[in-house]
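Here's the structure we're looking at; comments come further down.
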2 protein chains.
Amino acid sequence: MPLEIKPSQALKLWRQVHLDLVRDHDADLSARQTAILLTVYLELPPHTVRGLAKQLGVTKPVITRALDTLGKLGLLTRKRDEADRRNVVIQRTVAGALAVERLADLVTEHAREIGGS
Amino acid sequence: MPLEIKPSQALKLWRQVHLDLVRDHDADLSARQTAILLTVYLELPPHTVRGLAKQLGVTKPVITRALDTLGKLGLLTRKRDEADRRNVVIQRTVAGALAVERLADLVTEHAREIGGS
DNA sequence: CGATAATGATACGGGTCCGTAACGATCGGG
DNA sequence: CCCGATCGTTACGGACCCGTATCATTATCG
């Protein structure tokens, strides 16, 4: 049973959520940062720099920089993989989980407001 | 009849669409640019710099710069208001309408893939 | 008229991000 | 062992965006 949503509803939803994100001056994440954050919190670990780079179709430095920023915001942490010390494992944080949850509520809330057919 | 969407579905949807946006290297709009674009295409004209700044809760230069970028991308145009030449009216373009439509399809498509309860 | 207000654009200093290229650290096979 | 391959990070030059303050242009109203 697919999730039914019409193009016009999709646009309204997208706009309302983006308006909220813009107005909330704290969390102005770029599309890349958002994609990384959600991937880490929705997909099964472990997450590595190279894996994220491949999934997003970007280069490794892009991931490194995004992790710097997300780490500075406390939404994610890095840990050296002791089994293979070349690897870095990206881990979730409490603050990150809260931020993701807040985003989910934001989308859900606006979806409800928009109303179905 | 509200648009039913669960938090977990909202997150999946948000992630999938952002993944597509990131992978599509052409259209990497910031949250602000996206909010502006959708506001112009969803709300009734006329749209002014001042009005958009107020709606988004940002300063006027932010809007001016975003319009510069969106204009360079061909998604929007500016026109002097002949009635009150202090004002600038933001107008839609064919390319902009196509981009918005593409975004709508992207969201709708991923919503269908995700599936309901 | 002239003074004031309003609008959008610009200048500036600072910050972030980009892509390419190089780097140090680490692992693994011969 | 050692040499190549792999991993994540850093260096660099350039582009973009930010917020504040200021600007030129235009309208309004006494």
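Computation of the quantities below employed the complete heavy-atom set of this structure, encompassing side-chain atoms and omitting hydrogens, waters and symmetry-equivalent molecules. Order of the sequence lines fixes the chain letters, A, B, ..., with proteins taken first and strands second; residue numbering starts at 1 for each chain.
Closest approach to the B:R86 side chain among D:dT9, D:dA5, D:dA27 is made by D:dA27 (side chain taken as heavy atoms from C-beta onward). In the set C:dG19, D:dG19, D:dT9, C:dG19 carries the atom at the smallest distance from any side-chain atom of A:T59. Comparing C:dG19, C:dT26, D:dT10 against the side chain of A:R85 picks out C:dT26 as the nearest. When distances are taken from the side chain of A:V49 to each of C:dG19, D:dC17, D:dG8, the shortest belongs to D:dG8.
Here the straight-line distance linking atom OG1 of B:T77 with atom CD1 of B:I90 works out to 9.5 Å at 0.5 Å rounding. From B:L3, atom CG reaches atom NZ of A:K12 across 10.5 Å, with rounding to the nearest 0.5 Å. A distance of 6.5 Å separates OG1 in A:T48 from CG in A:N87, rounded to the nearest 0.5 Å. In this structure, CD1 in A:I63 is found 4.5 Å from CG in A:L56, a value given to the nearest 0.5 Å. Remark: B:D105 CG to B:H110 NE2 distance equals 11.0 Å, nearest 0.5 Å. In this structure, CG on B:L37 lies 13.0 Å from CH2 on A:W14, to the nearest 0.5 angstrom.
Looking at every heavy atom in both residues, A:L75 comes nearest to A:A95 through CD2-O, 3.9 Å.
Atom NZ of B:K72 is separated from atom C1' of D:dC17 by 11 Å (rounded to the nearest Å). Counting to the nearest Å, the P atom of D:dG8 and the CG atom of A:L52 are 9 Å from each other. At whole-Å resolution of the value, NE2 in A:H47 and P in D:dG8 are 13 Å apart. A straight line from CG of B:L73 to P of D:dC16 spans 10 Å, rounded to a whole angstrom. As rounded to whole Å, 16 Å separates atom C1' of C:dG8 from atom CG of B:L70. Separating the CG atom of B:D68 from the P atom of C:dA11 is a distance of 12 Å, rounded to the nearest angstrom. Atom NZ in A:K54 sits roughly 12 Å away from atom P in D:dT6 (whole-Å rounding). Rounded to whole Å, atom P of D:dT20 lies 14 Å from atom CD1 of B:I63.
Contacts between residues 75-84 of chain B and DNA chain C, counted as heavy-atom distances below 4.0 Å, involve B:R78. DNA chain C lies under 4.0 Å from no heavy atom of any residue of residues 32-43 of chain B.
B:R92 places a side-chain N or O within 3.5 Å of a backbone atom of B:V40 that can act as its donor or acceptor partner.
As judged by a 4.0 angstrom heavy-atom cut-off over every strand, A:S30 is placed among residues making no nucleic acid contact. As judged by a 4.0 angstrom heavy-atom cut-off over every strand, B:V58 is placed among residues making no nucleic acid contact.
Each of B:P61 and A:R65 lies near DNA chain D, and the nucleotide nearest A:R65 is the one positioned closer to the 5' end.
A:R15 has a carboxylate O that lies under 4.0 Å from a charged side-chain N of B:E43, or vice versa, which qualifies the two as a salt bridge. The pair A:D68-A:R78 counts as a salt bridge, with a side-chain nitrogen and a carboxylate oxygen less than 4.0 angstrom apart.
Within the structure, a side-chain polar atom (N or O) of B:T64 is placed less than 4.0 Å from OP1 or OP2 of C:dA9. Side-chain N/O atoms of A:T69 include none lying less than 4.0 angstrom from OP1 or OP2 on C:dT16.
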